[in-house]
Protein chains: 2
Amino acid sequence: MDENIGRINRQLLNKGYKLTPQREATLRVLLENERDHLNAEEVFMLVKDKYPNIGLATVYRSLELLSELHIVEKINFGDGGARFDLRSEDQPHMHHHLICTRCGAVEEIKDDWLMPMENRIEREFGFTVLDHRLDFQGICKECGAKEREKDCKAVS
Amino acid sequence: MDENIGRINRQLLNKGYKLTPQREATLRVLLENERDHLNAEEVFMLVKDKYPNIGLATVYRSLELLSELHIVEKINFGDGGARFDLRSEDQPHMHHHLICTRCGAVEEIKDDWLMPMENRIEREFGFTVLDHRLDFQGICKECGAKEREKDCKAVS
DNA sequence: CTCGGTGCAAAAGTTTTGCAATATG
DNA sequence: CATATTGCAAAACTTTTGCACCGAG
């Protein structure tokens, strides 16, 4: 985990930015909640535990900076408000999401299934793919199970 | 085009809603700008030409209603503000997008390439896919050509 | 008459910005 | 000292909501 911070520090310095305590606290929050897709307000609340004086604007500015450098991804699931996710080192592309429309759960798929498609786009459209985003909306295993249970009761 | 309105009218009536002049004007704007991915404000401006008294809130309410009924898609490309797109009749799933990060152009791919993946998700995750979204970010043919041209000049 | 739909204005929520103060090298 | 960065508050922007009113059935 600290090696992550070190790596990111190098990326920042590389571009002429500093890893301030505020930025580090923000990063650590993202690192500790990697699977949670926090929104800006949530990041802010959690960062305040580590660095109580921080302002919301600073968190926004940090997240903006980090997402410009492709260190975090800024995603938008359609509820009003972006969500933020650390990119893992070995994951050059955005990962995919399974979004449950019943309970709101977001599951991640870390595999990259899209290389063949990207090649095809390159060929057919002359479009150079730099990144992609793939989300599936539907009903997760748990909600599906609950639903079937209810149906059974209704029948019996 | 009028057959589209007729079909949508039936879909609305089916669910107990009316095709009011305001809703029809909104639909016609989307129909006439099918490839443009308008945001709410832009839809509002264009609808005002057809129905000057309409209020912005009504446009929002119409777009919300139509997207709940899956007649339009509400998409979020990351600029603050949703964009709206009519779904075509023969296109049950969201189409895919090629988004140029240089010039902002959005090209559509109408093919559905994801069925095999959806089957796999169903099998591996027990997740019932109802809809999906696939966007590629990168550099479009035109911007790529411009860039190569510049590079040539730089060399010569 | 009833009720869904509308227009307007106000409110809510998210994100950005101006600016003076601060920290850092 | 020069400059990037921060905190705060105000502003900007998108979207939602409350409410009185209108209009079709």
Side-chain angles (χ1 to χ4, degrees), chain A residues 8-29 37-69 71-85 104, chain B residues 8-9 11-29 37-69 71-85:
Chain A
I8 292 166
N9 186 16
R10 261 171 277 128
Q11 287 183 253
L12 285 171
L13 290 174
N14 230 355
K15 303 264 184 180
Y17 300 104
K18 302 173 202 166
L19 184 62
T20 62
Q22 289 94 331
R23 286 177 187 164
E24 182 172 340
T26 305
L27 273 168
R28 284 190 189 281
V29 162
H37 305 87
L38 304 169
N39 64 26
E41 196 72 30
E42 289 164 341
V43 175
F44 176 55
M45 293 311 220
L46 291 168
V47 174
K48 278 205 131 176
D49 293 342
K50 294 182 197 297
Y51 197 101
N53 278 340
I54 201 170
L56 177 58
T58 302
V59 172
Y60 270 103
R61 281 187 283 230
S62 299
L63 292 171
E64 185 58 33
L65 175 65
L66 293 169
S67 89
E68 266 166 30
L69 300 186
I71 294 168
V72 313
E73 339 174 330
K74 180 177 179 182
I75 339 172
N76 214 310
F77 288 138
D79 53 341
R83 311 194 90 86
F84 299 87
D85 239 2
Chain B
I8 292 167
N9 185 17
Q11 286 182 253
L12 286 170
L13 290 173
N14 230 359
K15 303 265 182 180
Y17 300 105
K18 301 173 201 164
L19 184 63
T20 62
Q22 288 94 330
R23 286 175 186 165
E24 182 172 341
T26 304
L27 274 168
R28 283 192 189 279
V29 163
H37 306 88
L38 304 170
N39 65 25
E41 195 72 30
E42 290 165 340
V43 174
F44 176 56
M45 293 311 220
L46 292 168
V47 174
K48 279 204 130 178
D49 293 342
K50 295 182 195 298
Y51 198 100
N53 279 340
I54 201 168
L56 178 57
T58 301
V59 172
Y60 270 104
R61 284 188 281 231
S62 299
L63 291 172
E64 185 58 34
L65 175 66
L66 293 169
S67 88
E68 266 164 32
L69 299 186
I71 295 168
V72 313
E73 335 173 336
K74 181 177 177 179
I75 340 173
N76 213 310
F77 288 138
D79 53 343
R83 313 194 88 87
F84 300 86
D85 239 0

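So that the names make sense, note that chain A is the first sequence line, chain B the second, and so on, each numbered from 1. Treat the numbers as computed from the prediction; the structure is a model and nothing was measured.
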Fill in the blank from the handout: Picking from C:dG5, D:dT15, D:dT5, the nucleotide nearest the side-chain atoms of B:Arg23 would be C:dG5
Problem - Lys/Arg N to Asp/Glu carboxylate O, B:Lys50 vs B:Glu24, below 4.0 Å - result: no
Distance in angstrom units between [X] [atom1] and [N] [atom2], rounded:
| X | N | atom1 | atom2 | value |
| --- | --- | --- | --- | --- |
| A:Glu24 | C:dT24 | CD | P | 13 Å |
| B:Met45 | D:dC13 | CE | P | 13 Å |
| A:Glu41 | C:dA12 | CD | C1' | 13 Å |
| A:Glu68 | C:dT15 | CD | P | 15 Å |
| A:Lys18 | C:dG25 | NZ | C1' | 7 Å |
| B:Leu12 | D:dA24 | CG | P | 18 Å |
| B:Tyr17 | D:dG25 | OH | P | 18 Å |
| A:Phe44 | D:dG7 | CZ | P | 9 Å |

Got [X] and [Y] here, is their nearest side-chain heavy-atom distance under 4.5 Å?
| X | Y | value |
| --- | --- | --- |
| B:Lys74 | B:Leu66 | no |
| A:Leu56 | A:Glu41 | yes |
| B:Asp79 | B:Asn39 | no |

Exercise for the section: For A:Tyr17, look at atom OH and say whether over 12 heavy atoms of other residues, nucleotides or ligands are found less than 6.0 Å away. Expected result: no
Practice task
Verify the contact: side-chain N or O of B:Gln22 to OP1 or OP2 of C:dG7, cut-off strictly under 4.0 Å; return yes or no.
Solution key: yes
Practice task
Establish, with yes or no, whether the OP1 or OP2 oxygen of D:dA4 is under 4.0 angstrom from a side-chain nitrogen or oxygen of A:Thr20.
Solution key: no
Exercise for the section: Indicate, with a heavy-atom threshold strictly under 4.0 Å, whether B:Asn39 touches base, sugar-phosphate, or nothing. Expected result: nothing
Problem - Within residues 56-67 of chain B: residues closer than 4.0 Å to DNA chain D (heavy atoms) - result: B:Leu56, B:Ala57, B:Tyr60, B:Arg61
Exercise for the section: For B:Ala82 and for A:Tyr51, locate the closest nucleotide of DNA chain D by heavy-atom distance; then report the residue assigned to the nucleotide nearer the 5' terminus. Expected result: A:Tyr51
Handout entry: Qualifying residue for side chain to side chain contact (heavy atoms under 4.5 Å, CB included) with B:Leu46, from B:Val59, B:Leu38, B:Thr26
Key = B:Leu38
Practice task
Identify, between B:Ile54 and A:Gly81, the residue whose nearest nucleotide on DNA chain C lies closer to the 5' end.
Solution key: B:Ile54
Exercise for the section: Measure from the side-chain N and O atoms of B:Glu68 to the backbone N and O of B:Leu65, and report whether any donor-acceptor pair falls under 3.5 Å. Expected result: no
